[in-house]
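See below for the structure under consideration.
The shown structure was predicted, so the numbers you read here are calculated from the model rather than taken from an experiment.
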Amino acid sequence: DLARDPARAAESIQRTAPMVLKQIEGLDRIARDFAQFARLPQRRTDIVDVGALIREVTDLYAGAEVEGVTVTCEVAPELPTIWWDEQELRRILLNMVLNAMEALDGRGGGRVTLHAAEALRASGTGVLVTIVDDGVGIEPEHAKRLFEPQFSTKTRGTGLGLAIVNRIVQDLGGTIDFESVPGEGTAFRLWWPSVPPAQE
């Protein structure tokens, strides 16, 4: 009876407390992810310098203590600006780089590179951001479901990350796609339209 044995009770608490905290953390993450996916966006739109944003995100992760992981960027000169909520774009890039770093998990490290360049689409000029990793890649049977809210190949989380990114990119009038080779790596491509001259 634990109530009559303080030593056993303390040992039991020490053994189970980390599991309970981990479950609470998981539930909290699920609640936050669903709230973010469901809520109507309240955006503060302005002109965004994508090149500066890419460098900022790269510097943040380059300074992180992740053994064997290298995060770099290649930004073309004189990128066009875009019109959107800068904080939201920052969250997208942070999420995408974190996903790429997690794809390196178990490989003892690797490289994540962000590329940013001007690119044309049928709808006009924009900025193409590519996040490339040399991680585990995406299996073909998973690729078609990657942007579904309920789908995830991870053992943690809700799988809502890429669904949220996809919705925001579409709201912006942009596109998102990817190429992946299992065992070799993945490249996600995000294209955002530039600021119309009249708006700028």
Taken to the nearest 0.5 Å, the spacing of I131 CD1 from T113 OG1 works out to 10.5 Å
Are a donor atom and an acceptor atom from the side chains of R167 and Q170 found within less than 3.5 Å of each other? no
Counting distance only, does the side-chain N/O of W191 pair as donor-acceptor with the main-chain N or O of A119 below 3.5 Å? yes
For residues E86 and I47, determine if any side-chain heavy atom of one lies less than 4.5 Å from a side-chain heavy atom of the other. no
For C73 and T58 the tightest heavy-atom approach is CB-OG1, 3.2 Å
Check whether any side-chain heavy atom of F188 sits under 4.5 Å from a side-chain heavy atom of D177, and report yes or no. no
In terms of hydrophobic clustering (I, L, V, M, F, W, Y; side-chain heavy atoms under 4.5 Å; direct or indirect links), are V132 and I138 co-clustered? no
Which pair of heavy atoms, one from G126 and one from P80, lies closest together, and at what distance? O-CG, 3.9 Å
Rounded to the nearest 0.5 angstrom, the CD1-CG distance for I92 and D85 is 9.5 Å
Can you check side-chain contact (heavy atoms from CB on, under 4.5 Å) on T70 and V112, steps first, answer last? CA-CA 6 Å; T70 302; V112 177; over 6 Å; no
Among residues at least two apart in sequence or on other chains, which ones pass side-chain hydrogen bond (donor to acceptor under 3.5 Å, both in side chains) with E74? H115
Only one of I82, V75, I54 passes side-chain contact (heavy atoms from CB on, under 4.5 Å) with V127, and that residue is I82
Looking only at heavy atoms, what is the nearest atom pair of E148 and A163, with distance? C-CB, 4.2 Å
What's the verdict on side-chain contact (heavy atoms from CB on, under 4.5 Å) for V169 and D171, showing C-alpha distance, side-chain angles and the deciding distance? CA-CA 5 Å; V169 170; D171 287 350; over 6 Å; no
Answer yes or no: is there a donor N or O on one side and an acceptor on the other, between the side chain of S194 and the main chain of T125, under 3.5 Å? yes
Any salt bridge linking E179 with R189? Criterion: basic side-chain nitrogen under 4.0 Å from a carboxylate oxygen. yes
Please report the interatomic distance CG(L53) to CD(Q87), rounded to the nearest 0.5 Å. 9.0 Å
Are M101 and I164 joined in one hydrophobic group, where the rule is that I, L, V, M, F, W and Y side chains link up if heavy atoms are under 4.5 Å apart? yes
For a 4.5 angstrom cut-off between non-hydrogen side-chain atoms, does E88 reach R43? yes
Decide yes or no on side-chain contact (heavy atoms from CB on, under 4.5 Å) for T130 and L114, but give the supporting numbers first. CA-CA 6 Å; T130 309; L114 290 80; over 6 Å; no
From L93 atom CG to L60 atom CG, the distance as rounded to the nearest 0.5 Å: 11.5 Å
Under a 3.5 Å distance rule, please check whether D134 uses its side chain to pair with a backbone N or O of G110 as donor and acceptor. no
Quick check for you: to the nearest 0.5 Å, what is the distance between L190 atom CG and M96 atom CE? 5.0 Å
So if you build clusters from Ile, Leu, Val, Met, Phe, Trp, Tyr with side-chain heavy-atom gaps below 4.5 Å, do V136 and V181 land together? no
Is the shortest heavy-atom distance from the side chain of W83 to the side chain of D46 under 4.5 Å? yes
Counting only N and O atoms by type, is there a donor-acceptor contact under 3.5 Å from the side chain of Y61 to the main-chain atoms of L94? yes
N95 CG to L162 CG distance, which is reported to the nearest 0.5 Å: 6.5 Å
Test log, rule side-chain contact (heavy atoms from CB on, under 4.5 Å), inputs V50 and W192: CA-CA 10 Å; V50 179; W192 300 315; 4.1 Å; yes
What residues, two or more places apart in sequence or in another chain, satisfy side-chain hydrogen bond (donor to acceptor under 3.5 Å, both in side chains) together with S180? T186
